[in-house]
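All figures in this text were calculated on a predicted structure; none of them were measured in a lab.
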Amino acid sequence: MFNLKKSTFLKYSILVIFIFLLSENYSYFKNSDNKLEISYSQLKHLIINFNRPTTLNALSNNQINIFNLSSALEPKSSYEDIKCKKSAEIYVKTTLCVHDLNKDIFVSGAIWRDGAWEGHILKPFLDYLEKNADWLVLDVGAQVGQYSLFAAKMGRDVVCVEPFYDNILRIHKASQLE
């Protein structure tokens, strides 16, 4: 478990986002010997976008999009088919929004059935948060945001990194319902 103080957040979040971006575009950065090599010309094409793209096609592979979950990402009708429910109570209850239960039987299925996914991992994670109120939560690969949403409900500052836009919509809807 990392103990990141808020003052060092920016340095670490940029590093994590950069590592994440590299992992998502790894083949783009490999040289002929199959080793990671990044040139200045490749770095200058990376874009951090603080504005919501106007279409899903605007989500580029070499662009980091930062979404403000307090404002609308899509028209309200886009959220109607996203199912949500209250979680199991582990310190707190939060709202979790899931994918089609016929297609995602593991993560969404467990959340829908049990109120949480991987409760045997979630509980110790929340135990650490309960004991360390000044920790910043950095959730990389957040999926539907279960860890982020529990941490936020416990009053922790959270940075959530997720590449799959459908998951971002679920995290957004859950945060709006809270």
How far does [atom1] of [X] sit from [atom2] of [Y], to the nearest 0.5 angstrom?
X	Y	atom1	atom2	result
Ile82	Asp100	CD1	CG	11.5 Å
Asp104	Ile111	CG	CD1	8.0 Å
Thr94	Leu149	OG1	CG	4.5 Å
Tyr165	His172	OH	NE2	8.5 Å
Leu129	Asp134	CG	CG	10.5 Å
Lys173	Asp81	NZ	CG	8.5 Å

Inset, instruction - Take Lys86 and Glu178 through the salt bridge (Lys or Arg N to Asp or Glu O under 4.0 Å) test and state the conclusion after the steps. - result: CA-CA 10 Å; Lys86 280 292 186 182; Glu178 284 296 315; 2.9 Å; yes

Please check if the side chain of [X] supplies one atom and the backbone of [Y] the other of a donor-acceptor pair under 3.5 Å.
X	Y	result
Ser108	Val98	no
Arg170	Val144	no
Glu162	Ala142	yes
Ser148	Cys160	no
Asp114	Ala116	no
Gln143	Gly145	no
Lys83	Cys97	no

Does one hydrophobic cluster hold both [X] and [Y], with members joined at side-chain heavy-atom distances below 4.5 Å?
X	Y	answer
Val158	Met154	yes
Trp112	Ile105	no
Leu177	Tyr79	no
Phe164	Val159	no

Return the minimal non-hydrogen interatomic distance between [X] and [Y], and the atom names on each side.
X	Y	result
Pro124	His120	CD-O, 3.2 Å
Phe150	Val92	CE2-O, 3.4 Å
Glu118	Tyr147	OE1-OH, 3.7 Å

Inset, instruction - Step by step, work out the side chain to side chain contact (heavy atoms under 4.5 Å, CB included) result for Asp157 and Val137. - result: CA-CA 6 Å; Asp157 290 331; Val137 175; over 6 Å; no

Inset, instruction - Evaluate side chain to side chain contact (heavy atoms under 4.5 Å, CB included) for Leu96 paired with Lys85, printing each intermediate quantity in order. - result: CA-CA 6 Å; Leu96 299 172; Lys85 72 177 279 186; 5.8 Å; no

Legend entry - Residues Lys131, Asp127; criterion salt bridge (Lys or Arg N to Asp or Glu O under 4.0 Å); working and verdict: CA-CA 6 Å; Lys131 295 174 189 166; Asp127 289 343; 5.8 Å; no

Inset, instruction - Take the angle between the ring planes of Tyr128 and Trp135 and call it parallel below 30°, perpendicular above 60°, tilted in between. - result: parallel

